[in-house]
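Shown next, in structure tokens, is the structure this report addresses.
Here the structure is a predicted model, which is why all the values come from computation and not from measurement.
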Amino acid sequence: AVRRAVGDSYNIALDSTWSYDYPDALRVGLAIQDMGYVWYEDPLADEDILSYVKLRQQLRIPIMATEYPAGGLDTYPIWLTQQATDYLRGDIPNKGGLTTMLKTAHLAEAFHMRYEIHHSGNSLNNLANLHLACAIPNTTWFEVLLPDGAHKYGMATELTIDANGELHAPTGPGLGADIDFDLI
């Protein structure tokens with residue numbers, strides 16, 4: 001229904017949020033790859049590495065995992081050595097901060113992979129994500145959760161998406177944030 005509503009030229013990805021067992025993940029993956037989805041995110045539980053490997057062998061659509069489990073750089077090697085995902089993923093609060101994310105993005109780049117940045121829960125974290133996205137060559141999207149009202153806190157002046165659907169990093173010192181110190 002979504003594909004019919006927006007047409008074939010509109011980019012759609014599916015974040016399944018660990019909803020499926022292997023047979024259902026394969027069935028859904030086959031359907032969405034035929035509809036031209038850009039990626040298939042987190043269809044299986046993170047601990048089910050073997051099923052991710054099998055799923056990746058059966059599908060052409062890129063699989064993106066590693067949004068969770070929470071942790072640092074040490075949570076990624078099994079995904080790489082087992083070839084269980086096409087893209088790596090992370091965010092500020094779950095992956096140990098901006099430095100760990102930068103290291104992980106470079107790790108993904110070394111393996112010729114994308115590092116797609118996950119929404120980080122609030123405006124200030126998302127600003128840090130935006131700076132990381134501007135600093136690395138192997139990311140393509142900036143995730144914004146909608147409705148976004150519940151996620152807009154931490155900054156006195158919010159990030160705004162322009163008419164072209166783009167965000168622009170502030171140019172001030174540090175992250176360039178106008179931090180909401182009254183809230184903090």
Are Ile92 and Leu73 in one and the same hydrophobic cluster, where Ile, Leu, Val, Met, Phe, Trp and Tyr link if side-chain heavy atoms are under 4.5 Å apart?
yes
Beyond-backbone contact of Met113 with Leu80, side-chain heavy atoms, under 4.5 angstrom:
yes
For the hydrophobic clusters of this structure (ILVMFWY residues joined by side-chain heavy atoms under 4.5 Å, transitively), does one cluster hold both Phe142 and Leu175?
yes
Quick one, Leu26 and Lys54 - any side-chain contact, counting heavy atoms below 4.5 Å?
no
Hey, what do you get for CZ (Arg27) to OH (Tyr22), rounding to the nearest 0.5 Å?
13.0 Å
Are Leu130 and Tyr153 in one and the same hydrophobic cluster, where Ile, Leu, Val, Met, Phe, Trp and Tyr link if side-chain heavy atoms are under 4.5 Å apart?
no
If you define the side chain from C-beta out and look only at heavy atoms, does anything of His168 sit under 4.5 Å from Asp162?
yes
Side chain proximity check, Tyr40 to Val28, heavy atoms < 4.5 angstrom:
yes
Report whether Ile136 and Phe111 are members of the same hydrophobic cluster (ILVMFWY, side-chain heavy atoms less than 4.5 Å apart, transitive linking).
yes
If we ignore angles and hydrogens, is there a donor and acceptor under 3.5 Å between the side chains of Asp178 and Thr157?
yes
Same cluster (ILVMFWY, side-chain, under 4.5 Å), Tyr115 and Met64:
no
Has Lys103 got its NZ or CZ under 6.0 Å from the middle of the six-membered ring of Tyr76, at an angle within 45 degrees of the ring axis?
no
If we only count heavy atoms from C-beta on, is the Thr139 to Glu116 side-chain gap below 4.5 Å?
yes
